[in-house]
Amino acid sequence: MTHKNRFLFYFTCMAFLSGCGEELSTGVTKGGTGNGGDGKPINVVNGQKLNDHYQIWLSKPVSDYCHGVKRTLSFIHPLNSEIVAEDQLIKIGPKDELDQQIILQVRWENQSDQAKTVVRSACSDLVNIDEFWRNASTPDARCDVKTVTLNKNDVYIAEEYPFNFKYTATGILSHNKKVQFLPEETDIPGCNMLEIQYVLQNE
């Protein structure tokens with residue numbers, strides 16, 4: 001699935017497996033239904049059709065280091081397009097102009113003393129969502145390789161990934177583990193799992 005098609009793709013999210021800075025935005029002005037709270041919903045029932053009034057809980061950014069590159073996953077506020085800098089609960093109503101419910105940004109920063117080459121498959125997204133990933137995967141052997149060069153201290157905003165949902169969900173998005181940062185700086189290949197959480201629930 002191409003990047004363009006994915007933007008148009010309306011992903012129907014059912015139940016997920018249980019395993020599976022920038023300025024703090026204090027509220028939402030568009031539509032008048034914004035909430036700057038950070039309380040993570042509990043006891044969410046997955047798979048219920050979303051009502052006209054529902055809530056999106058988004059985690060603050062998560063980061064780690066892989067072979068000298070700082071990887072960061074950050075949510076973009078769906079109404080004001082700002083980085084969600086802290087855990088935030090957003091109320092959505094029928095008057096809100098909402099193009100995408102979940103938007104995730106992938107950011108790389110080279111903090112090593114040497115240039116890094118980022119190697120990825122052209123057929124694999126940088127972000128994995130469990131059911132989406134299983135249904136849309138393509139064997140890497142059939143795909144071209146894409147590379148990005150990061151000089152020392154370079155920051156690269158890789159891509160933004162939007163997702164839309166029809167049903168309540170407690171979910172996790174993760175950085176694709178197959179992306180390589182070369183040359184590697186330890187004898188352990190690859191990177192650890194980097195994950196970020198979100199919740200959609202009815203009011």
Side-chain angles (χ1 to χ4, degrees), residues 1-14 16-17 19-25 28 34 38 40-41 44 46 50 54-66 69-90 92 96-109 118 120-137 146 148 150 155-179 181 191-201:
M1 180 177 293
T2 66
H3 184 64
K4 180 178 179 182
N5 288 338
R6 184 178 57 256
F7 268 72
L8 300 175
F9 185 75
Y10 197 87
F11 177 68
T12 302
C13 175
M14 297 298 289
F16 286 86
L17 298 176
C20 162
E22 308 217 3
E23 234 179 61
L24 171 63
S25 174
V28 179
D38 62 357
K40 182 178 180 180
V44 177
N46 292 322
L50 288 172
Y54 63 95
Q55 299 173 338
I56 303 174
W57 180 87
L58 300 175
S59 167
K60 63 185 178 183
V62 295
S63 299
D64 71 356
Y65 296 87
C66 181
V69 176
K70 182 179 180 180
R71 307 184 302 168
T72 301
L73 301 180
S74 303
F75 285 117
I76 306 295
H77 198 293
L79 295 177
N80 62 27
S81 301
E82 296 179 0
I83 292 286
V84 175
E86 297 292 342
D87 293 351
Q88 190 165 10
L89 184 66
I90 305 164
I92 303 296
D96 290 313
E97 299 176 11
L98 193 67
D99 293 325
Q100 287 92 27
Q101 295 157 320
I102 303 291
I103 307 169
L104 187 68
Q105 181 189 92
V106 180
R107 183 178 188 269
W108 301 323
E109 180 179 354
V118 184
R120 56 174 290 200
S121 166
C123 294
S124 297
D125 290 331
L126 296 179
V127 174
N128 297 343
I129 183 169
D130 295 299
E131 290 189 54
F132 179 85
W133 181 248
R134 286 200 299 269
N135 293 333
S137 61
K146 297 175 65 175
V148 175
L150 299 177
V155 174
Y156 183 79
I157 307 298
E159 289 179 44
E160 292 181 357
Y161 286 86
F163 299 92
N164 282 315
F165 300 81
K166 292 182 178 180
Y167 300 93
T168 58
T170 301
I172 292 175
L173 297 172
S174 60
H175 194 292
N176 189 337
K177 289 189 67 176
K178 294 183 179 180
V179 177
F181 300 94
C191 304
N192 294 324
M193 185 67 72
L194 181 62
E195 300 176 330
I196 192 168
Q197 293 184 318
Y198 65 89
V199 177
L200 292 96
Q201 72 166 9

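Quantities reported herein were computed from a predicted structural model and do not represent experimental measurements. Quick note: residue numbers are just sequence positions, from 1.
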- request: For the pair Ile102 and Ile56, evaluate side chain to side chain contact (heavy atoms under 4.5 Å, CB included) and give the outcome as yes or no after the intermediate values.
  value: CA-CA 8 Å; Ile102 303 291; Ile56 303 174; 3.8 Å; yes
- request: Could you tell me whether a side-chain N or O of Asp96 sits under 3.5 Å from a main-chain N or O of Leu98, the two making a donor and an acceptor?
  value: no
- request: For the pair Leu50 and Lys166, evaluate side chain to side chain contact (heavy atoms under 4.5 Å, CB included) and give the outcome as yes or no after the intermediate values.
  value: CA-CA 6 Å; Leu50 288 172; Lys166 292 182 178 180; 5.9 Å; no
query: Quick one: ring-ring contact (aromatic ring centres under 6.0 Å, His included) partners of Phe181, sequence neighbours excluded?
result: Trp108
- prompt: Would Ile76 and Val84 satisfy side chain to side chain contact (heavy atoms under 4.5 Å, CB included), going step by step from the backbone distance to the final call?
  reply: CA-CA 6 Å; Ile76 306 295; Val84 175; over 6 Å; no
message: Within this structure, what is the CG-CD distance for the pair Leu79 and Gln101, rounded to the nearest 0.5 Å?
response: 10.5 Å
message: As an exercise, state the distance from NE2 of His175 to SG of Cys191, rounded to the nearest 0.5 Å.
response: 7.0 Å
- request: Measure across Ala85 and Pro61 and return the closest heavy-atom pair with its distance rounded to 0.1 Å.
  value: O-CD, 3.5 Å
- request: Answer yes or no: is there a donor N or O on one side and an acceptor on the other, between the side chain of Asp125 and the main chain of Val127, under 3.5 Å?
  value: no
field: Backbone N/O of Thr170 and side chain of Asn46: donor-acceptor pair under 3.5 Å
entry: yes
- request: Output yes when Glu159 and Arg120 qualify as a salt bridge under the 4.0 Å nitrogen-oxygen rule, no when they do not.
  value: yes
query: What pair of heavy atoms forms the shortest contact from Ile172 to Gln197, and how long is it?
result: CG1-CG, 4.0 Å
field: Smallest separation among heavy atoms of Leu58 and Pro78, with atom names
entry: CD1-CD, 4.1 Å
- prompt: Does some side-chain heavy atom of His77 sit less than 4.5 Å from a side-chain heavy atom of Ile90?
  reply: yes
field: Minimum-distance pair of heavy atoms, taken over all atoms of Leu194 and Arg71
entry: CB-NH2, 3.4 Å
message: For a 4.5 angstrom cut-off between non-hydrogen side-chain atoms, does Tyr161 reach Ile103?
response: no
Rounded distance [0.5 Å steps], CD in Glu86 versus OG in Ser59: 9.5 Å
- prompt: How many angstroms lie between CD in Gln201 and CH2 in Trp57, if you round to the nearest 0.5 Å?
  reply: 11.5 Å
Distance, nearest 0.5 Å, that separates CG of Leu73 from CG of Leu173: 8.0 Å
- prompt: In Å, rounded to the nearest 0.5 Å, how long is the span from CD of Glu97 to CD1 of Ile92?
  reply: 11.5 Å
field: Side chain to side chain, Lys178 and Ser121, heavy atoms closer than 4.5 Å
entry: no
query: Do you know which two heavy atoms are closest between Gln100 and Asn164, and how far apart they sit?
result: CA-OD1, 3.1 Å
query: Is the Phe165 to Tyr54 ring centre distance short of 6.0 Å?
result: no
- request: May I ask you to decide whether Asp87 forms a salt bridge with Lys60, counting only side-chain N to carboxylate O separations under 4.0 Å?
  value: no
message: Assess the residue pair Ile157 and Gln105 against the criterion (side chain to side chain contact (heavy atoms under 4.5 Å, CB included)); give the C-alpha distance rounded to whole Å, side-chain angles, the decisive distance to 0.1 Å, and a yes or no.
response: CA-CA 7 Å; Ile157 307 298; Gln105 181 189 92; 3.7 Å; yes
query: For Pro162, does its backbone N or O pair with a side-chain atom of Asp99 as donor and acceptor, under 3.5 Å?
result: no
